[in-house]
Amino acid sequence: MSKRVFLIVAILLLAACSGGGRVDLAIDTCMGEVAKRLEGKSFEVDRTKLAASGANQDAGKETLDLSAPIVFDRGLASEFTQTLRCTVRFDGQAASIINLQFLWDLGELKKP
């Protein structure tokens with residue numbers, strides 16, 4: 001197991017134990033999956049925007065939908081932005097990803 005995967009698992013376990021709430025658990029779950037899928041790539045996601053996207057959703061639902069911009073290669077000539085969308089399902093104290101999408105902005109695709 002790589003150090004990065006071990007660190008992600010440790011963070012997720014701490015978040016689940018800390019009682020940080022559904023939104024925090026969902027964000028940690030999403031970001032763990034994003035980090036795993038984008039290993040070795042440079043990216044940034046604003047956790048505050050992810051939290052805001054899930055803050056007003058019904059706490060009784062078994063799923064939580066999060067979205068925020070994800071910036072790749074910030075500060076480089078190759079910098080581009082997509083929208084990260086993540087749906088998390090809760091089962092007791094556990095959370096799992098049921099949908100993870102990276103959505104392109106069509107304006108980004110049309111640049112010369």
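Given the structure is predicted, the values throughout are model-derived calculations rather than measurements. One-based numbering along the sequence shown.
- Ring geometry for Phe72 versus Phe43: interplanar angle of 30 to 60°, hence tilted.
- Between Leu64 and Ala26, the shortest heavy-atom distance links the atoms CD2-CB, 3.6 Å.
- Connection of Leu103 to Val45 is not established within any shared hydrophobic cluster, with ILVMFWY side chains joined at heavy-atom distances below 4.5 Å, either directly or through further cluster members.
- Shown here is Lys61, whose NZ atom has more than 12 heavy atoms of other residues, nucleotides or ligands within 6.0 Å.
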Under the side-chain contact (heavy atoms from CB on, under 4.5 Å) rule, what do Ile97 and Cys30 come out as? Steps first, then yes or no, please. CA-CA 7 Å; Ile97 304 291; Cys30 289; 3.9 Å; yes
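- Residues Val23 and Ala51 approach most closely at CG1-CA, 3.7 Å, considering heavy atoms.
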With side-chain contact (heavy atoms from CB on, under 4.5 Å) as the test, would you mind laying out the steps for Thr63 and Asn99 before giving the verdict? CA-CA 10 Å; Thr63 61; Asn99 186 36; over 6 Å; no
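- Taking 4.0 Å as the cut-off between side-chain N and carboxylate O, Arg47 and Asp28 count as a salt-bridged pair.
- Distance CZ/Phe102 to OG1/Thr81: 13.0 Å, rounded to 0.5 Å.
- Ile98 and Met31 are not part of a single hydrophobic cluster, where members link through side-chain heavy atoms under 4.5 Å apart.
- At a threshold of 4.5 Å between side-chain heavy atoms, the hydrophobic network of Ile, Leu, Val, Met, Phe, Trp and Tyr places Leu84 and Leu38 in one connected group.
- Asp58 CG: more than 12 foreign heavy atoms inside a 6.0 Å radius.
- Taking all atoms of both residues into account, the shortest heavy-atom contact from Pro69 to Lys49 is CD-CD, 4.0 Å.
- Residues passing the side-chain hydrogen bond (donor to acceptor under 3.5 Å, both in side chains) test with Thr87 are Asp65, sequence neighbours excluded.
- Summarising the geometry, atom NZ belonging to Lys36 is positioned 10.0 Å from atom CG belonging to Leu100; distances are rounded to the nearest 0.5 Å.
- If you chain together hydrophobic residues whose side chains sit under 4.5 Å apart, Ile27 and Val71 never meet in one group.
- Residues Ser53 and Ser67 approach most closely at OG-N, 3.0 Å, considering heavy atoms.
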